[in-house]
Amino acid sequence: MTRQSGYLLPTEKEAPADAEAVSHKLMVRAGLVRQLGAGMWTYLPAGWRAHRRVERIVREEMDAIGGQELLMPVLQPAELWRRTGRYDIDELFKLRDRRDADLVLAMTHEEALTYHVAREVRSYRDLPLILYHFQVKERDEPRPRAGVLRTREFIMKDAYSFDRDAAGLDRSYQLHVEAYDRIFDRSGLEWYRVESDVGMMGGVGAHEYMAPCAAGENEVALSDAGYAANVEIATGQAQAVAGLPEPLGAPEPVDTPDARTIEEVAGLLGVPEGALIKALPVIRDDGRPLLVVVRGDHRVNEIKLRNRLGAPVRQATEEEIRSVFAAPPGFVGPVGARVPVLADEALRGLAGLVAGANEEGRHLRGVEPGRDFDVNWGDVRDVAAGDRCPNGGTIRIEPAIEVGNIFKLGTRYSEPLGARYLDEHGSEHAIWMGSYGIGPARIVAAAVEQTADEHGIAWPRALAPFDIHLVTLGKEGEEARTVADRLYDDLRATGLDVLYDERSASAGEKFADAELLGAPLRLTVGRKGIEAGEVEAQVRRGRERRALPLDGAADAAVELWRALP
RNA sequence: CGGGGCGUGGCGCAGUCUGGUAGCGCACUCGGCUGGGGGCCGAGCGGUCGCUGGUUCAAAUCCAGUCGCCCCGACCA
């Protein structure tokens with residue numbers, strides 16, 4: 001029974017003043033969610049319906065690859081997290097119970113499940129396994145934002161695979177790739193599976209599923225040649241610099257008083273920014289200094305840099321630049337540098353460049369990497385739109401929201417938690433693991449972002465809180481009401497989820513609310529239609545209307561609904 | 001963590017500079033009209049002005065502290 005007069009669906013004409021993202025505004029306005037605090041959101045009945053529709057798709061596809069659903073606690077002993085070295089993560093909520101025991105609120109469940117598997121799995125005969133659950137995650141986010149897109153508490157479907165070896169993990173991983181592809185197809189989202197950084201999850205490979213939308217926090221590099229990667233790790237061949245200065249036989253000093261930034265120096269010397277060498281003084285994990293240089297129009301990519309070096313780095317302080325790098329900030333350059341130089345590949349083969357002279361108010365021109373300074377090479381820059389992708393296509397960059405991720409963990413968690421098994425020869429091995437997450441709330445929000453128009457949400461059929469929004473314009477006792485009542489019963493008998501708007505509101509109000517909430521199909525029963533022997537159907541996407549015969553309206557509506565995206 | 005902004009009825013806002021009985025629109029309630037695109041008329045309900053303290057005859061307004069929320073950046077296992 002979903003009669004709107006008694007259903008908690010508090011729609012608003014105006015969005016909260018502090019809402020920025022489209023999904024944030026619309027999900028609040030449509031009465032799907034309400035905020036309880038920073039990064040804390042309540043799902044109202046209609047919003048929860050959409051969430052559960054995602055869950056259902058995910059559950060079906062996880063079960064289809066042999067996943068077994070279970071449930072683990074959010075509240076966990078700190079000890080587990082100490083063992084895997086993750087207790088010190090800032091985002092991990094920590095608390096104490098009345099006996100002063102250290103506890104955490106889980107932000108993910110590798111520790112808990114690996115703990116159990118370590119105890120229950122002893123033999124190669126017990127493997128492989130895919131286990132998953134839908135559970136609340138708690139993360140002490142530095143900055144929750146954009147409604148339900150980045151929250152401190154959210155539900156995640158997290159799955160974990162356990163295999164005998166790397167080959168088994170590859171198989172489990174591939175199963176998840178296929179399941180996830182189906183999940184996002186069925187959800188009706190536009191999505192990309194992109195190569196991603198493994199981060200501190202450790203392990204040997206990772207992909208993210210990205211749904212492009214304006215509110216996205218990530219950037220993905222895409223090309224028509226099928227390339228898709230998070231810009232965090234994307235690689236490409238740089239575009240050539242137009243208007244490079246003539247090469248010189250040797251570097252030549254040039255006065256550049258007060259010109260410290262790339263823009264200032266390029267402007268002063270009348271050369272393109274790409275003719276400059278941008279120098280980033282950094283300090284490695286072990287305290288060793290390093291000068292990273294990229295082309296002036298490029299940006300250093302800290303993740304690629306970290307991966308190239310095998311350890312994180314931080315920017316040097318001004319004081320360190322003066323003392324360790326022996327150069328005034330703003331005029332640091334690789335020629336004559338006292339520290340090792342790591343140069344980005346895009347600088348290879350270039351000549352006639354401009355670099356800091358390590359002297360106040362002075363740069364060098366005619367600089368040539370390799371000739372004028374020793375280098376180690378590495379791909380350590382952000383790709384830029386227009387670069388050539390590894391498949392030969394042209395890269396474009398789009399904002400996107402991460403709706404799922406899959407990681408090959410290897411033995412990152414099984415080793416510290418002692419998850420081992422005996423093989424058929426009686427020798428012991430660590431279990432090979434993978435972990436696979438999906439955020440249903442993000443799928444919901446991404447669908448809103450991707451489908452919304454100026455009237456509201458236009459759900460993909462698979463995620464809509466209601467399949468059909470039936471609107472009657474008749475009051476109690478009028479024919480338009482009794483006919484609509486009958487149609488409501490007929491529609492429900494087909495098994496579809498129908499929201500029946502029998503409120504005593506004006507037609508305009510009901511239509512506006514229906515388009516805001518965004519069910520794929522709206523049916524309107526009014527006096528005019530009845531006189532013509534018709535029910536009006538409006539397809540939400542495109543808002544096109546057509547007449548259905550009053551007789552057999554339910555069947556006609558279902559048929560129409562089935563053809564919708 | 002750095003920068004910026006905001007807390008006044010359910011929502012959106014004015015009032016704060018220059019202290020003097022708290023207002024507007026929407027929503028809500030009641031009555032009437034209207035009845036295919038957020039309609040009209042009338043009458044109402046609803047606010048410790050985030051909180052605490054201070055200054056003052058008097059504080060939404062000035063001062064101090066504190067809590068909360070948003071945006072940009074950093075971060076995001």
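Values below: all heavy atoms of this structure, side chains included; hydrogens, waters and symmetry mates excluded. Proteins come first, then strands; the chains are lettered A, B, ... in the order of their sequence lines, and each starts at number 1.
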Separation of the [atom1] atoms in [N] and [M], to the nearest angstrom:
{"N": "B:A14", "M": "B:U8", "atom1": "C1'", "result": "10 Å"}
{"N": "B:C76", "M": "B:C72", "atom1": "C1'", "result": "16 Å"}
{"N": "B:G38", "M": "B:C26", "atom1": "P", "result": "14 Å"}
{"N": "B:A74", "M": "B:G3", "atom1": "P", "result": "16 Å"}
{"N": "B:A22", "M": "B:A60", "atom1": "P", "result": "8 Å"}
{"N": "B:A27", "M": "B:C41", "atom1": "P", "result": "12 Å"}
{"N": "B:C71", "M": "B:C40", "atom1": "C1'", "result": "41 Å"}
{"N": "B:G44", "M": "B:G53", "atom1": "P", "result": "37 Å"}

Rounded distance (Å) that lies between atom [atom2] of [N] and atom [atom1] of [X]:
{"X": "A:E479", "N": "B:G35", "atom1": "CD", "atom2": "P", "value": "17 Å"}
{"X": "A:R540", "N": "B:G37", "atom1": "CZ", "atom2": "C1'", "value": "13 Å"}
{"X": "A:D88", "N": "B:C76", "atom1": "CG", "atom2": "P", "value": "15 Å"}
{"X": "A:R86", "N": "B:C76", "atom1": "CZ", "atom2": "P", "value": "14 Å"}
{"X": "A:N301", "N": "B:A74", "atom1": "CG", "atom2": "C1'", "value": "15 Å"}
{"X": "A:F407", "N": "B:A77", "atom1": "CZ", "atom2": "C1'", "value": "7 Å"}
{"X": "A:E217", "N": "B:C76", "atom1": "CD", "atom2": "P", "value": "12 Å"}
{"X": "A:L473", "N": "B:G37", "atom1": "CG", "atom2": "P", "value": "9 Å"}

With a 3.5 Å limit on both atom pairs, tell me what [N] is paired to, counting Watson-Crick and G-U wobble, or say none.
{"N": "B:G53", "result": "B:C63"}
{"N": "B:C69", "result": "B:G5"}
{"N": "B:A22", "result": "none"}
{"N": "B:C76", "result": "none"}
{"N": "B:U48", "result": "none"}
{"N": "B:U29", "result": "B:A43"}
{"N": "B:A58", "result": "none"}

Ion pair present between [X] and [Y], side-chain N to carboxylate O less than 4.0 angstrom?
{"X": "A:R145", "Y": "A:E217", "value": "yes"}
{"X": "A:K304", "Y": "A:D379", "value": "yes"}
{"X": "A:R152", "Y": "A:E138", "value": "no"}
{"X": "A:R83", "Y": "A:E111", "value": "no"}
{"X": "A:D453", "Y": "A:R543", "value": "no"}

Query raised in the report: Between A:R150 and A:S504, which has a closest nucleotide on RNA chain B that is more 5'?
Result: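 Between the two, 5'-proximity favours A:S504.
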Query raised in the report: Toward the 5' end of RNA chain B, which comes first, A:G508 or A:I89, by nearest nucleotide?
Result: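 Counting from the 5' end, the first nearest nucleotide belongs to A:G508.
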What N/O pairs connect the protein and nucleotides 5-12 of chain B at under 3.5 Å? Give each pair on its own line.
| from | atom 1 | to | atom 2 | distance (Å) |
| --- | --- | --- | --- | --- |
| B:G12 | OP1 | A:A17 | N | 3.0 |
| B:G12 | O2' | A:E14 | OE1 | 3.1 |

What does [X] touch in the nucleic acid at a heavy-atom separation under 4.0 angstrom: a base, only the sugar-phosphate, or nothing?
{"X": "A:G37", "value": "sugar-phosphate"}
{"X": "A:A146", "value": "sugar-phosphate"}
{"X": "A:D513", "value": "base"}

Has [X] got its NZ or CZ under 6.0 Å from the middle of the six-membered ring of [Y], at an angle within 45 degrees of the ring axis?
{"X": "A:K408", "Y": "A:Y173", "value": "yes"}
{"X": "A:R82", "Y": "A:Y87", "value": "yes"}
{"X": "A:R193", "Y": "A:Y180", "value": "no"}

Classify the side chain of [X] versus the base of [N] as yes if they form a donor-acceptor pair under 3.5 Å and no if they do not.
{"X": "A:K510", "N": "B:G38", "result": "no"}
{"X": "A:E509", "N": "B:G37", "result": "no"}
{"X": "A:R503", "N": "B:G35", "result": "no"}

Taking the minimum atom-to-atom distance to the side chain of [X], which one of [options] wins?
{"X": "A:A38", "options": "B:C69, B:G38, B:A77", "value": "B:C69"}
{"X": "A:R522", "options": "B:C75, B:G37, B:A77", "value": "B:G37"}
{"X": "A:E20", "options": "B:C71, B:C76, B:G37", "value": "B:C71"}
{"X": "A:Q35", "options": "B:G35, B:G38, B:C69", "value": "B:C69"}
{"X": "A:R29", "options": "B:C76, B:C69, B:G38", "value": "B:G38"}

Requested in this report: Measure the acute angle between the ring planes of A:Y209 and A:W191, then classify it against the limits of 30° and 60° as parallel, tilted or perpendicular.
Outcome: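 Answer is tilted, since the angle falls between 30° and 60°.
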Indicate whether OP1 or OP2 belonging to [N] is found under 4.0 Å from a side-chain N or O atom of [X].
{"X": "A:R145", "N": "B:C69", "value": "no"}
{"X": "A:R143", "N": "B:C72", "value": "yes"}
{"X": "A:Q538", "N": "B:G37", "value": "no"}

Query raised in the report: Among all residues two or more places apart in sequence or in another chain, which pass the ring-ring contact (aromatic ring centres under 6.0 Å, His included) test with A:H298?
Result: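 Applying ring-ring contact (aromatic ring centres under 6.0 Å, His included) to A:H298 gives none.
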Query raised in the report: What's the shortest heavy-atom distance between A:W459 and A:T451, and which atoms?
Result: N-OG1, 4.1 Å
